[in-house]
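In what follows, a structure is listed as structure tokens, so that the remarks can point back to it.
Residue numbers start from 1 in every chain, and the chains themselves are labelled A, B, ... in the order their sequence lines are given, proteins ahead of strands.
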2 protein chains.
Amino acid sequence: MSVPGGGAAAPRLKDVAELAGVSVKTVSNVVNGTVPVAEATRARVQRAVDELGYQPNVTARRLRTGRSGVIALAFPELPSPYFAELAVEVIAAARRVGITVLMDDTGGDPAAELRIASGLGDPMIDGVILSPLGLDRAALLSRSREIPLVLLGEADLGPVADRVHIDNVAGAREVTRHLLDEGYRRIAAIGWQDPAPRATAEQRLAGYREALADAGLPLDPELLPPVRAYFRPDGASAMRRLLRLPERPDAVFCFNDLLALGALRAAHEAGLRVPQDLAIVGFDDVEEAAYAIPSLTTVAPDKRLIAELAVRCLEERIERRYTGPGRRVTPGFRVVVRESSTLAR
Amino acid sequence: MSVPGGGAAAPRLKDVAELAGVSVKTVSNVVNGTVPVAEATRARVQRAVDELGYQPNVTARRLRTGRSGVIALAFPELPSPYFAELAVEVIAAARRVGITVLMDDTGGDPAAELRIASGLGDPMIDGVILSPLGLDRAALLSRSREIPLVLLGEADLGPVADRVHIDNVAGAREVTRHLLDEGYRRIAAIGWQDPAPRATAEQRLAGYREALADAGLPLDPELLPPVRAYFRPDGASAMRRLLRLPERPDAVFCFNDLLALGALRAAHEAGLRVPQDLAIVGFDDVEEAAYAIPSLTTVAPDKRLIAELAVRCLEERIERRYTGPGRRVTPGFRVVVRESSTLAR
DNA sequence: CGCCGCTACTACAACGTGAGAATACAAGGT
DNA sequence: ACCTTGTATTCTCACGTTGTAGTAGCGGCG
């Protein structure tokens, strides 16, 4: 196939057609299966395709059809382990159905998110999977182009797009209940955001409140130190604030694993033993959670399933097999109990 | 798909040409600046471009020029923090020069790596940035298509491609020397691979040996437990083996941060205090290293610079501004000293 | 026997762009 | 006046694909 010093030009439909002795369009029909082709012809064409190693020229196809076979995947923070792990699953799920994925990093900036959701991020994208952070309903309605869109995560941005997300309220409630079951009573929560709480913060807080209410415990505002973002340093500094309280918490529910890992570090610096002096639980089940010291109890969404469902929804919209209003898809989760919240007292 | 109320189709060169009263090619010349255009005409065309908000159709341009503006970026393990962090930098660096990046995960499989390096992974890729793991020189020479290629990392695969990598021998030597300076004497190394060591293992081992030799210390083969891969569990099990030795090490140099984090966990499980009973250092400076308990001393490559240089090299080859033999580019590194190796004894 | 309708295929145009050849026009030299 | 030189612009075509329209062949039915 290869010529030394040169490299063979990629075979085109025309080359396949000549080899098989049919017209170009017939080859196209065989390759795409748009129109039924007689079995004998089909086999002959297929043999020619295999022999030449023909691969469709995506650019030409795109120019002709207006489709590219490429979708954008945009996260606010790609290096965050949760997003990186989810990205890998999305890439794999997309590959299984012949779609290639183009990564984007919005930094959570509403303007950047709107650009992406409008398909302006990169030219000729068929659809977008977006994990929004700063975007709101109004902004999303105002987008200049209605590209097929699937949203990941908690934010409810209306019926414009499909949305895949786990039940955050239930996840937060169950992991808090687990702490209660282990005997912890003064349970703080790290992850509230003060002037402008995100949907994540609201829902995980709601679940936490429900669990406390079910147990007949009061909600102490002192145990809700607000954070700026959801990274390790935010968790660490919130933890330090909690440890300065006159009456310290005996457990902390962190709204994601990075906050929990930061909190763990702050607790360690303060000389506290986890879980003996203080229990810590997180949310997301990033790989690191299993290797933290102590290993971290957390809420584990099924990342592979989330990716699978998101790609499937988007594909249905791209191919116009579904054109209705935004759907909500809610895969399950598990609470994974590890060292950081057991062996209490 | 369309904007409510009709939705103007994207303006084409033809539309601009009609508005400006010139030919399509003249507009093309103005837009691309390939041929000088009289100032008066230029201004008139520019005005028409601005008025219509014309943007070139990238797909058509790509079909015509044979370029796609897309490069592939392939890592053996995308969820690994080092690769994820580096990927973000590459995506950012590529965006700055108008290139979009398509992610790939090879799993370290030589066949998959060869496919990628031959540009067969996805159609219409202009070039490839690959971090090889299993690929060897001979295989790389045999690739069927000579697509512009930049390699990341330690493996020396000959002059076929440019290569961007830090000086691993020096990095390993310096971090080992740091342990010696802190007073540690019985220093183990985790990361050697027995039947088939990777370039990474060889070079980091070489640096470790050099540092020991400089200090006049012997190399004890017992202190070199081989590992299968470079993940946390490999580090943990290697550490456990070391701790079963009659004469235990007082420090461990792990060939990457994940190994170190696994080792840290195993040490913790064994009831050892780090760094009082045992120092642990890593390599890569992943974000997690700063938040481990204790925080991890490590060798920090300049990831942003590595990404920048890799993209620049690849771009030069794609645009044929450079067509010579493979270049080697060696950005610097720093040894970042943290808790896991200080406050000794 | 001729026409219809069906299947299986082919011919042709078009998507928007850029390369190169061709043309128009102006100025200057002989 | 004519040719040369050079610059500015236009014309024509091709990139590889797919949609539309069209044709050939064939069996069935009035």
(message) Whole angstroms only, please: what is the CD-P distance between B/E39 and D/dT7?
(response) 17 Å
(message) I need the CD-P distance between A/E18 and D/dG16, as an integer number of Å.
(response) 13 Å
(request) Could you tell me whether the side chain of A/R163 and the main chain of A/G153 form a donor-acceptor pair under 3.5 Å? (result) yes
(request) Return yes if some donor-acceptor pair links the side-chain N/O of A/T26 with the main-chain N/O of A/V22 below 3.5 Å, else return no. (result) no
(request) Heavy atoms under 4.0 Å is the rule here; annotate nucleotides 10-22 of chain C 5' to 3' with B where the base is hit, S where only the sugar-phosphate is, and - elsewhere. (result) BB--BBBBBBB--
(request) Check whether any side-chain heavy atom of A/R44 lies under 4.5 Å from a side-chain heavy atom of A/E39, and answer yes or no. (result) no
(message) Distance to the ring centre below 6.0 angstrom and angle to the axis at most 45 degrees; does that hold for B/R12 and B/Y54?
(response) no
(request) For atom CD of B/Q55, decide whether the heavy atoms of other residues, nucleotides or ligands shown that lie under 6.0 angstrom number more than 12. (result) no
